[in-house]
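One structure coming up, written as structure tokens, with questions to follow.
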Number of protein chains: 2
Amino acid sequence: MPVCAPQMRSKLARCAYKLFAKKGIRSVNLDEVAAAAGVTKGSFYWHYKSKKELLHAACAYYYRRWRQRARTEIARDDDPLKQLERVLRFSVQSCLFDRESRVFTTEVFALSLQDKEIRAGWAQFYDTVRELFVGLVQAACDNDQLQVVDPRRAVDWMLATIEGIKQRAAFEPEICTPDQREATVQGLLRIVGLIDAPT
Amino acid sequence: MPVCAPQMRSKLARCAYKLFAKKGIRSVNLDEVAAAAGVTKGSFYWHYKSKKELLHAACAYYYRRWRQRARTEIARDDDPLKQLERVLRFSVQSCLFDRESRVFTTEVFALSLQDKEIRAGWAQFYDTVRELFVGLVQAACDNDQLQVVDPRRAVDWMLATIEGIKQRAAFEPEICTPDQREATVQGLLRIVGLIDAPT
DNA sequence: CACGTTCCATACTGTCCGGTATGGTAAATG
DNA sequence: CATTTACCATACCGGACAGTATGGAACGTG
């Protein structure tokens, strides 16, 4: 008995992510997803029990990939501040230039407002991202490259701004240039340093 | 021949907004909207030619109301900086405490990624909001209450952060307190002052 | 009062699509 | 070789829902 279910299962998740990120989740039907993975809907339902389960898998795929890329960026440098800057640059890069990522996250976020499980998954992802950034800021502080009293607070502000920039990028393609990206990274670093002054 | 079409037309838009903002646009059908306005789908189609046209009307309703409220806040004070603070407080208040507004704007934004007209409407609204804030910042500068070299740039950052806070509020109800609101307003003012330092 | 116009209701159609029922084929197993 | 299991295809079902067809009541107008 052949055992290749894991491959096809993850392939379906990957294809689903691609399609969701291109056309929006609601306007992608399961026939398309199955076709993109080279099978039909009948066999799709052998691997997943519903469209929602597929969406979870697609989210997991996206989350995992984000973390991987962030780790890769961190590994490229030893200096804590540079590491922070690299991950920031990667994040801003995604917001400004990766339309698919924008579409996918926007759709997932919209769905999360109506669906508790989607929301829980997203919240958990947000937490890991935050902890990652907090760790980097903390390290830069320990290394005397940054002075931040409340790293978590500062990171929350920074992440909020990044989300907002992602939205703007959807409407104002003119801000999507490498120069803007660098300016944005520097601005974000300034927010980190600024925001935790006592209110 | 009775002429009350305008009333019912706007009533439908209002009810549509309410429902869209509560349950999400995609999960509201026209029967519901019609019923909420006290009519049936048949007569709905006498007032609107499609669901999309209704959505545009609902957006227009939301946009108009936002501007009205902002104007009201501005009218409450003469001091430019206080005016800015008031509009900021109103914006943050919406993000933190008005779940319906969050749902509606999130859904519209998600749809705007796939639909050119929705996007155009949203972009235009964003522009008016930005100009409003720029005007307030400018006035505060002229009044020597603020020093900002590039108000438009500063406002863009501020608005981005506000959008991000709106997202976080959906996941972290614990940040939705009056204290947090005030801290957020002050933090935003600091961003305005900070961000336009030369890169 | 006849007639057109406005506004509304009822009932229907057509389509999209998630999900299911069912059967087939290839490989592993005893 | 018979049988089971893993994996896939075809064909279908049924519900949800946008949009339409049609008719009726109220009111203004000639």
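Values reported hereafter were calculated over all heavy atoms of this structure, with side chains retained and with hydrogens, waters and symmetry mates removed.
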| side-chain hydrogen bond (donor to acceptor under 3.5 Å, both in side chains) pairs, two or more places apart, involving residues 16-25 of chain A | A/K23-A/E32

| request: Using the test side chain to side chain donor-acceptor pair (under 3.5 Å), find all partners of B/T161 that sit at least two apart in sequence or belong to another chain. | output: A/T161

| query | Taking only residues two or more places apart in sequence or in another chain, which ones pass side chain to side chain donor-acceptor pair (under 3.5 Å) with B/E131? | reply | B/R152

Between protein and nucleic acid, restricted to nucleotides 14-18 of chain C and to nitrogen or oxygen atoms under 3.5 Å apart, what atom pairs and distances do you find?
unit_1 : atom_1 : unit_2 : atom_2 : d
C/dC17 : OP2    : A/N29  : ND2    : 3.1
C/dG18 : OP1    : A/K51  : NZ     : 3.2
C/dG18 : OP2    : A/L30  : N      : 3.0
C/dG18 : N7     : A/K41  : NZ     : 3.1

| With respect to the phosphate group of D/dA6, does any side-chain polar atom (N or O) of A/H47 fall under 4.0 Å of OP1 or OP2? | no

| said: Can you tell me if B/S43 touches the phosphate of C/dA9, counting only side-chain N or O atoms and a distance under 4.0 Å to OP1 or OP2? | reply: yes

| task | Using a cut-off of strictly less than 4.0 Å, decide whether A/T40 has a side-chain nitrogen or oxygen near OP1 or OP2 of D/dA9. | result | yes

| task | Please check if the side chain of A/E53 supplies one atom and the backbone of A/Y48 the other of a donor-acceptor pair under 3.5 Å. | result | no

| request: Identify, with sequence neighbours excluded, every residue that meets side chain to side chain donor-acceptor pair (under 3.5 Å) alongside A/K82. | output: none

| field | Interatomic distance where CH2 belongs to B/W46 and P belongs to D/dG19 [whole Å] | value | 18 Å

| query | Separation of B/F44 atom CZ from D/dT20 atom P, in whole Å? | reply | 11 Å

| How would you list, by chain and number, every residue that makes a side chain to side chain donor-acceptor pair (under 3.5 Å) with A/D79, sequence neighbours excluded? | A/Q145

